[in-house]
Amino acid sequence: MNKKIINYLQLLLTVILAVFIIFKAGDFLERVDWQVIASNWPIIIISGLIFLCGYILLAWHWLAVCRIVDNKTNPRQWLAFFASQPYKYLPTSIFTFSSRANFANKFGMSLKHSSEAQVIENINLIGSALAMGGILLLLSTYPWYGLAATLLAAMFCALVWQKRSIKVPKLNLTIDLRDWLKTVAIVSLGWLIIGLGFFVIVMGLEGRFVPVLAIAASNLATGTGILAVFAPGGIGIRELVFHYLSFASGTILIWRLVTFTVDIVVGAWAGWTISRRR
């Protein structure tokens with residue numbers, strides 16, 4: 001009975017999501033300059049493919065985090081990451097959390113384990129995005145400060161590697177810190193690749209060769225957007241960070257369109273794939 005209720009709730013959330021996207025996407029799509037897209041479609045497609053590569057690493061990161069809390073995690077658990085992503089466009093990230101738990105459960109993961117994994121995942125996602133973004137921003141503006149921050153980050157990783165493990169009493173969970181650092185490396189590489197996708201858009205539309213600044217902006221905007229739990233998909237927050245770092249509004253809108261399209265298309269595919277499991 002509980003599973004039926006969960007499935008009905010998931011169906012209801014999916015309907016609400018579809019309605020939300022239809023109504024909200026209309027206003028957003030009206031602001032996009034389609035002539036620019038038509039003139040630069042090869043660059044936009046390339047940036048989308050690069051973004052997808054980074055996205056795949058974020059899904060792999062979810063699987064790796066799940067294995068920290070449950071070493072018997074189904075190897076297809078990465079599909080739960082993709083399937084839950086469209087739900088982040090609902091008014092609060094609580095919907096992403098609940099939909100992830102539901103999809104994770106379909107691969108045999110308990111609510112307790114998926115909740116623990118999501119806590120670790122979000123710490124990794126936000127922490128690595130803001131840390132990498134901050135370091136790269138310093139390197140592009142104040143190189144010596146950026147170098148010092150890089151050395152501090154390396155020292156922190158070395159200390160964590162030596163400690164080996166940590167116990168979380170309230171959760172009765174022992175985390176292998178070396179395995180945790182590996183997940184941080186995976187998600188950091190994912191953010192780096194996603195930032196490269198944004199750089200390709202910037203270079204193609206604005207003619208600016210600023211790879212370090214573009215990757216820094218992408219990381220800071222995404223990390224801040226995740227923190228804004230009541231901003232659907234970080235909309236408004238991410239764009240504000242990009243604008244503050246002097247990227248053109250047209251570029252920002254097209255990048256949002258790219259990421260939104262990948263979220264919905266890949267999320268729908270993953271959800272359909274999971275629904276076909278017997």
Residues passing the side chain to side chain donor-acceptor pair (under 3.5 Å) test with S114, sequence neighbours excluded, are none

Sorted by chain and number, sequence neighbours left out, side-chain contact (heavy atoms from CB on, under 4.5 Å) with I186 holds for L57, W60, H61, A64

Ignoring hydrogens and geometry, is there a side-chain-to-backbone donor-acceptor pair from T224 to A221 under 3.5 Å?
no

- Any side-chain donor near an acceptor of the partner, W191 and T222, under 3.5 Å: no

For W272, is there any backbone N or O sitting under 3.5 Å from a side-chain donor or acceptor partner on S275? yes

#### Entry: Transitive ILVMFWY side-chain link Y142 to L147, under 4.5 Å
no

Examine W62 and L52 and state if one hydrophobic cluster contains both, with Ile, Leu, Val, Met, Phe, Trp and Tyr joined whenever side-chain heavy atoms are less than 4.5 Å apart.
yes

Query - 4.5 Å side-chain heavy-atom contact, F209 and P211 - result: yes

Ring-plane angle category for F81 and Y55, please: parallel below 30°, perpendicular beyond 60°, tilted otherwise.
perpendicular

Full working for side chain to side chain contact (heavy atoms under 4.5 Å, CB included) between L196 and F51 = CA-CA 8 Å; L196 286 173; F51 174 77; over 6 Å; no

Presence of salt bridge, R67 and D179, under 4.0 angstrom
no

Are a donor atom and an acceptor atom from the side chains of D176 and S165 found within less than 3.5 Å of each other? no

Open item on the list: Check the orientation of F247 and F198. Use parallel for under 30°, tilted for 30 to 60°, and perpendicular for over 60°.
Closed with: perpendicular

Q.
Would the distance check show the side chain of T73 and the main-chain N or O of C66 forming a donor-acceptor pair, the cut-off being under 3.5 Å?
A. yes

>> I'd like to know if the side chain of S39 and the backbone of Q35 have a donor-acceptor N/O pair within less than 3.5 Å.
In response: yes

When you measure from the side chain of Q118 to the backbone N and O of F97, does any donor-acceptor pair fall under 3.5 Å?
yes

Is it the case that the side chain of R178 and the backbone of W161 share a donor-acceptor pair, with hydrogens and angles ignored and the cut-off at 3.5 Å? yes

* Within one Ile-Leu-Val-Met-Phe-Trp-Tyr cluster: L49 and L189, side-chain cutoff 4.5 Å -> no

